[in-house]
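Report on the structure given below.
Whatever order the structure lists ligands and atoms in, that order sets their numbers, starting from 1. This structure is a prediction, so every number in the text was calculated from the model and none was measured. For reference, positions follow the sequence shown, starting with 1.
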Amino acid sequence: AFPKRVRLVEVGPRDGLQNEPNPIDTATKLELIDRLGAAGIGYIEAASFVSPKWVPQMADHREVMTGLKRRQGITYAALTPNLKGLEAALECGVEEVAVFGAASEAFSQKNINCSVAESLERFAPVLERAREANVRVRGYVSCVLGCPYEGEIAPAKVAEVSKALFDMGCYEVSLGDTIGVGTPLAAKRMIEAVSRDIPMEKLAAHFHDTYGQALANLYAVLEEGISVVDSSVAGLGGCPYAKGASGNVASEDVVYLLNGLGIETGIDLNKLAETGTWITQTIGRPNRSKVGVALAAK
Ligand code: HMG
Ligand code: MG
């Protein structure tokens, strides 16, 4: 059955911008985050404490995390792949972080330079330190519906890595179709496999729209009871270590779909769409939200 309410996790400032080749100034990122908050988004992934050599666009993570105009009731989170990243994030007063693993060995190597098993070993002390600091940790699993290097990925492998993250203490596991190759039946089967080990309410869908399937896939997993959806305003984004991957499903499109299904989000769609128009104009990108484009033309 469909959930009554869905929590949107806005990943635009991180997943959406991390792959931009031209530098985006910190002030623009901060304004984006603030506008998203003003539109009623309750959870914003604001930055990524990764190596600036690997992802130059996220090099200003400290300035972003400390420059935020915090609004009440909003969680501002950051990616932290290791202890070094976590310590830096804690210094900046982060209240929630995420570790990111993969269901594919090859992708794990390309993205974080270690095997899946090594990544889990690396995450354990991150979770321990975060617990001490009273900071919640979200866990990502990439390539849940396919890998740019290995092709098909078995749902059992996704379930195994997800369970490892959950058992380690991640309060929620976000399932990433990193390259957007999934289709609804595959998405449904993957969710069924993972939810045998982890309660449905602890899972999130993180779908990219490379093949135009993200909304269909979301519909399929919402029907299964998924109630947390990651999305990116204006469909911004792409992963630097997954060639050709386009952005996440657009937040505006997700909210429009959910509104139509009578599922609450607490988000002001018009304000969100205006934010999508503004950021795409500011950074010179096409708006990949069909809803955003339609509303702007009204
Ligand atoms: P490594 O080279 O194996 O790490 O990288 P290392 O420990 O050997 O350190 C090498 C250098 O990096 C050292 O600097 C460290 O200090 C530095 P040097 O001595 O050479 O000057 N370093 C760091 N600097 C800043 N912050 C840190 C940090 N750690 C080490 N936290 C590492 C390992 C994980 C750091 C690297 O591979 C990396 O940064 N990867 C980032 C990959 C990334 O950000 N990918 C995109 C996000 S994931 C994604 O988009 C998927 C998702 O959206 C879900 C989906 O769609 O599927 C989440
Ligand atoms: Mg992603």
Cation over ring face, K110 and Y149, 6.0 Å, 45°: yes
Cation over ring face, R136 and Y43, 6.0 Å, 45°: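 No; the conditions do not both hold, so R136 does not lie above the ring face of Y43.
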What atoms of ligand 1 come closer than 4.0 angstrom to any heavy atom of [X]?
X	value
H208	56 (O)
S142	51 (C), 54 (C), 55 (C), 57 (O)
N111	37 (O), 40 (N), 41 (C), 42 (C), 43 (C), 45 (N), 46 (C), 48 (S)
N113	1 (P), 2 (O), 3 (O)
D15	50 (O), 53 (O)
K84	16 (O), 22 (N), 23 (C), 24 (N), 25 (C), 28 (C), 29 (N), 30 (C)
G85	31 (N)
N82	27 (C), 28 (C), 29 (N), 30 (C), 31 (N), 35 (C)

Full working for salt bridge (charged side-chain N to carboxylate O under 4.0 Å, His left out) between R131 and E128: CA-CA 5 Å; R131 199 176 301 124; E128 206 171 302; 5.9 Å; no
So which heavy atom on [X] is nearest to which on [Y], and how close?
X	Y	value
D209	A214	OD1-N, 3.0 Å
R122	P81	CD-O, 4.2 Å
Y76	M65	O-CE, 3.9 Å
L295	A273	CD1-CB, 3.8 Å
S227	P3	CB-CB, 3.8 Å
L32	T275	CD1-CG2, 3.8 Å

Identity of the nearest option to atom 38 (C) of ligand 1, non-hydrogen atoms only, from F100, F207, W54, F107: W54
Heavy-atom nearest option to atom 39 (O) of ligand 1, drawn from G101, G247, S51: S51
N or O contact, [X] vs ligand 1, cut-off under 3.5 Å:
X	value
Y140	no
F49	yes
R122	no
H61	no
D177	no

Parallel, tilted or perpendicular: rings of H61 and F49 (30°, 60°): parallel
Residue pair D253, R288: steps toward the salt bridge (charged side-chain N to carboxylate O under 4.0 Å, His left out) verdict: CA-CA 10 Å; D253 297 3; R288 295 206 193 281; over 6 Å; no
E274/K271 salt bridge by N-O under 4.0 Å criterion: no
Distance-only donor-acceptor check, side chains D230 and S174, under 3.5 Å: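 Judged by distance alone, the side chains do pair up.
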For ligand 1, which part of [X] has a heavy atom less than 4.0 Å away: the side chain, the backbone, both, or neither?
X	result
E45	neither
H206	side chain
V50	both

Any M58 heavy atom less than 4.0 Å to ligand 1: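 Under 4.0 Å: no for M58.
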D230 backbone or side-chain N/O/S under 2.8 Å from the Mg ion (ligand 2): no
N/O/S atom name from D15 that is nearest to the position of the Mg ion (ligand 2):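 Result for D15 and the Mg ion (ligand 2): OD2.
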Degrees at the Mg ion (ligand 2) between the NE2 atom of H208 and the NE2 atom of H206, nearest 10°: 90°
